[in-house]
Amino acid sequence: MAYSDKLIEHYENPRNVGTLDKGDDTVGTGLVGAPACGDVMRLQIRVNPETQIIEDAKFKTFGCGSAIASSSLATEWIKGKTVEEANALKNTQIVEELNLPPVKIHCSVLAEDAIKSAIADFREKQKKQEDKG
Amino acid sequence: MALKLPIYLDNNATTPVDPRVVDAMLPYFTEHFGNAASRNHPFGWKAEEKVEEARETIAKLIGAKSGKEIIFTSGATESDNLAIKGVAHFYKEKGNHIITCKTEHKAVLDSTKRLEREGFDVTYLDVDDNARVDPEAVRAAITDQTILVSIMLANNEVGTVQPIEEIGKITREKKVFFHVDAVQGVGRVPFDVEAMNVDLASITAHKMYGPKGVGALYVRRSKPRVRLLAEIDGGGHERGMRSGTLNVTGIVGFQAAAQIMIDEGQAEIERLRGMRDRLRNKLWGALDELVLNGADDPWRHPGNLNVSFSFVEGEAMMMAIKDVAVSSGSACTSASLEPSYVLRAMGVDEEMAHTSIRFGIGRFNTDEEIDYVADLVISQVGRLRDLSPLYEMHKEGIDLKSIQWEAH
């Protein structure tokens, strides 16, 4: 299968690989996919609670080259954005940017899900904080 | 000597043509180009003479009594189709039951599926976790309606060698025909149609350093005589079993390839096994959490190493070692997005099937290439595991099976 140069570049030099402390209340973690399906993405964000800006994003992905590139691109895009803006990101933007072939579109869907799931986790933690306070 | 990239380690898919085979073929394109069926001039005689000689060589390679038992085809897919459908259609009055196993090549499985649609009953035997068929399961599956058992010699994906001799004893005793898809194993593992009571055997030239587009079907002529209904009509070539002008040039190449196997096969087996074990030892020495898929020696093809690199998806792995040609059981490399049915039949978890890589080592590989590949694989598995959330969770002691994953 011929992949775009951009996809290969992200696969070979993935941005923002790593792990944030999931115990931290300003960190949201999204873990989506399933090993049996051949792809699992874990995407984490660190959000400034005051500004709601995503100050850091990290990922680790088990999956094909497209899955790794999609998650790398997703972290790059959401860094510096507000939670609101990141939540509006659509998988089709990833498809376009990386020129994903049709059989790999699910990788971009997974990346969108990972972002939304990380944001949901962060918001839940914040809500718990408020409830406590 | 400088290493030349890319490196070909997919010799279970196809093999390069040996230059000696090419040399043998060349005169048959331009000088001796006759039609082997032309009975009235020297061009035809020369072609026919060479084809008959080739039958004898190929018969010798598989332990057949006579070259008359060799039918030339376009390749192993055609041979498998002809053996299975040809026997089924000829003997359908005698019985309608066929036995095969779940890890056979698609050329066998799709042939039996078509027969099922025609009303035949087919039993697909299970295999154990090494992909081996239990000969006693074959015995237990035979009924008074059984006309054919079809079991492969060596598996193309995981390299497991089946107990052909034991199965042959049973099929002979029960008076059921026995077809063996011998494509992957012939010349690499013991195979002898007489000693093993095999009645039909499919082979192909391009898996043994011959050209693509030519194969053969061994059809036993006595004790018992096997009869087939032809699948291709016209001209009555190959004793009426397979019409069509013979691919004389290809057959000449097939013969040359078979002769090299006869002359050098034993030494080559040792060489292949040496390189395979060199790769295996290096990988296992440097990486944890590796799983060998398929049986171990002596029930393993000497050139096949199929490994699951846990926590690293197969297609990502192939992209990471893009200068090395291998194949994967991962769904992501197949059009169907389904992981390998062979690995699934062996009871390999889907997640492990996604991480499998097949290294197929062949005649023209070198120790230098093996060392290069081993080092590359070791470093890339390390890189991809650093990227893998599953490896991180595993290292933290989390049981991945305890997590409720959302299938998508």
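Residue numbers start from 1 in every chain, and the chains themselves are labelled A, B, ... in the order their sequence lines are given, proteins ahead of strands.
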Does B:Glu396, at its CD atom, have more than 12 non-hydrogen atoms belonging to other residues, nucleotides or ligands within less than 6.0 Å? yes
For residues B:Ala316 and A:Gly63, report the shortest heavy-atom separation together with the two atoms involved. CB-O, 3.1 Å
Please determine if B:Arg383 forms a cation-pi arrangement with A:Tyr11, meaning its NZ or CZ atom is less than 6.0 Å from the six-membered ring centre and no more than 45° off the ring axis. yes
Passes side-chain contact (heavy atoms from CB on, under 4.5 Å), B:Met393 versus A:Leu31? Steps please. CA-CA 12 Å; B:Met393 291 158 87; A:Leu31 182 66; 3.9 Å; yes
Against chain B, label A:Val17 side chain, backbone, both or neither, depending on which of its atoms sit under 4.5 Å from a heavy atom there. side chain
Of the listed residues (B:Leu400, B:Leu384, B:Ile403), which shares the most heavy-atom pairs with chain A below a 4.5 Å separation? B:Leu384
Using a cut-off of under 4.5 Å for heavy-atom pairs, which of A:Gly18, A:Ser71, A:Ala36 has the most such pairs with chain B? A:Ala36
Could you tell me if the side chain of B:Met319 sits less than 4.5 Å from the side chain of A:Leu7, heavy atoms only? yes
Whether over 12 other heavy atoms sit under 6.0 Å from B:Glu116 CD: yes
Supply the atom-to-atom distance A:Cys37 SG to B:His354 NE2, rounded to the nearest 0.5 angstrom. 6.5 Å
Enclosure of A:Asp5 CG (heavy-atom neighbours >12, cutoff 6.0 Å): no
Would a 4.5 Å heavy-atom cut-off, applied to side chains only, mark A:Phe62 and B:Glu351 as touching? no
For the residue pair A:Val40 and B:Pro389, what are the closest heavy atoms and their distance? O-CG, 3.8 Å
Nearest 0.5 Å, what's the NZ-CG distance between A:Lys60 and B:Leu390? 10.5 Å
Mind checking the CD1-CD spacing from A:Ile68 to B:Glu313? Nearest 0.5 Å is all I need. 8.0 Å
Does atom NZ (A:Lys6) have a neighbourhood of more than 12 heavy atoms from anything else shown, all under 6.0 Å? no
Is atom NZ of B:Lys106 surrounded by more than 12 heavy atoms (other residues, nucleotides or ligands) closer than 6.0 Å? yes
Can you tell me if CZ on B:Arg114 sees more than 12 non-hydrogen neighbours from other groups inside 6.0 Å? no
